[in-house]
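FYI, side chains are in, hydrogens and waters are out, and symmetry mates aren't considered; it's all heavy atoms of this structure. No experiment lies behind these values; they were computed from the predicted model shown.
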Amino acid sequence: MKEYKCKINGNDYTVAVGDIDNNVAHVEVNGVAYNVELDMPQKKSAPAIKRVVVADDAPVAPKAAPKAAANVAAGDFVIASPLPGVIKEINVKEGQAVKAADVVCILEAMKMGNEIHAGKDGVVKSINVAKEDSVLEGTTIMVIA
C-alpha cells in the first residue's frame, strides 16, 4: 500500500491506496477501509483517480466537509472526535451551559454508540457538526468557552 499524508479543510488525513482490481481501488482513510470504484479501469500501478464513486459495499464517505472550528480563542476547549464515526445525537445547543461530565453527543462507530462528554465546565460556543454527519478522527465536534 502506498501511503499519503493529506490536509483537507485544515484536517490531517492518512490515505493508503492498496490494490486496484479491475476498476475498484482498495483505500484506507485514517484507518477506515473503503472500496472506491474508478470511472475507468486503471493500470494496477497507477494511483491517479479521475472520478470516484463509492462502491455499494463500502462505508459512506462524509456528506460534506464539517465546518471548521470557528472563532476558537485562547481558553476555549475543543471537543474533537476520538475516532471515525457518525454523529447520531446532539444533546446540547449553542449558548447552553454544560458541566464537564455532561454527554454532549453520541458518536456511532462500529455499530456502537459512544458518549462524547463536554470535558470542561462552560458554555457551548459552537457546534460544528449535524446529526448523521460522518466525521473522521480529530474532527472538531464542538467548542466550549
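Y4 is connected to Y13 through a chain of hydrophobic side-chain contacts under 4.5 Å among Ile, Leu, Val, Met, Phe, Trp and Tyr, so both are in one cluster.
Scored by the side chain to side chain contact (heavy atoms under 4.5 Å, CB included) test, K5 finds E3, T14 as partners (sequence neighbours excluded). With sequence neighbours excluded, no residue forms a side chain to side chain donor-acceptor pair (under 3.5 Å) with K99.
Other members of the cluster containing V123 do not exist, because no ILVMFWY side chain is joined to it at under 4.5 Å. Counting Ile, Leu, Val, Met, Phe, Trp and Tyr side chains that sit under 4.5 Å apart, directly or through other members, V103 shares a hydrophobic cluster with I106.
A distance-only check finds no donor-acceptor pair linking the side chain of D76 to the backbone of V143 [under 3.5 Å]. S126 contributes no side-chain N or O that, together with a main-chain N or O of N128, makes up a donor-acceptor pair within less than 3.5 Å. Formation of a donor-acceptor pair under 3.5 Å by the E94 side chain with backbone atoms of I127 is found in this model.
Here the closest non-hydrogen pair linking K131 and I90 is N-CD1, 3.8 Å. Scanning both residues, C105 and I141, for their nearest heavy atoms gives SG-CG2, 4.0 Å. Scanning all heavy atoms of the two residues, the minimum distance from L136 to T139 falls at O-OG1, 2.8 Å. Heavy atoms only, all atoms of each residue included: G138 and A80 are closest at O-CB, 3.9 Å. Shown here for L83 and A109, the closest heavy-atom pair between the two residues is CD1-CB, 3.5 Å. The two residues I144 and G122 have their closest heavy-atom pair at CG2-CA, 3.8 Å.
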Verdict with supporting geometry, K93 and V124, side-chain contact (heavy atoms from CB on, under 4.5 Å)
CA-CA 7 Å; K93 295 183 180 181; V124 178; over 6 Å; no
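A salt bridge (Lys or Arg N to Asp or Glu O under 4.0 Å) check over residues 79-89, counting only residues at least two apart or in different chains, returns the pairs K88-E132.
Between T140 and I79, every side-chain heavy-atom pair lies at or beyond the 4.5 Å cut-off. Residues I87 and V135 form a side-chain contact, since some pair of their non-hydrogen atoms from C-beta on lies under 4.5 Å apart. Annotation: side chain of V27 is in contact with side chain of V15 (closest heavy-atom distance under 4.5 Å). The closest side-chain heavy-atom distance from E137 to P84 is below 4.5 Å.
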With a 3.5 Å cut-off and sequence neighbours excluded, list the donor-acceptor pairs that the side chains of residues 111-120 form with protein atoms.
residue, atom, partner, partner atom, Å
N114, ND2, L107, O, 3.1
N114, ND2, M112, O, 3.2
H117, ND1, A101, O, 2.8
K120, NZ, G75, O, 2.8

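Within the model, atoms CG of D121 and CZ of F77 stand 11.0 Å from one another, a figure rounded to the nearest 0.5 Å.
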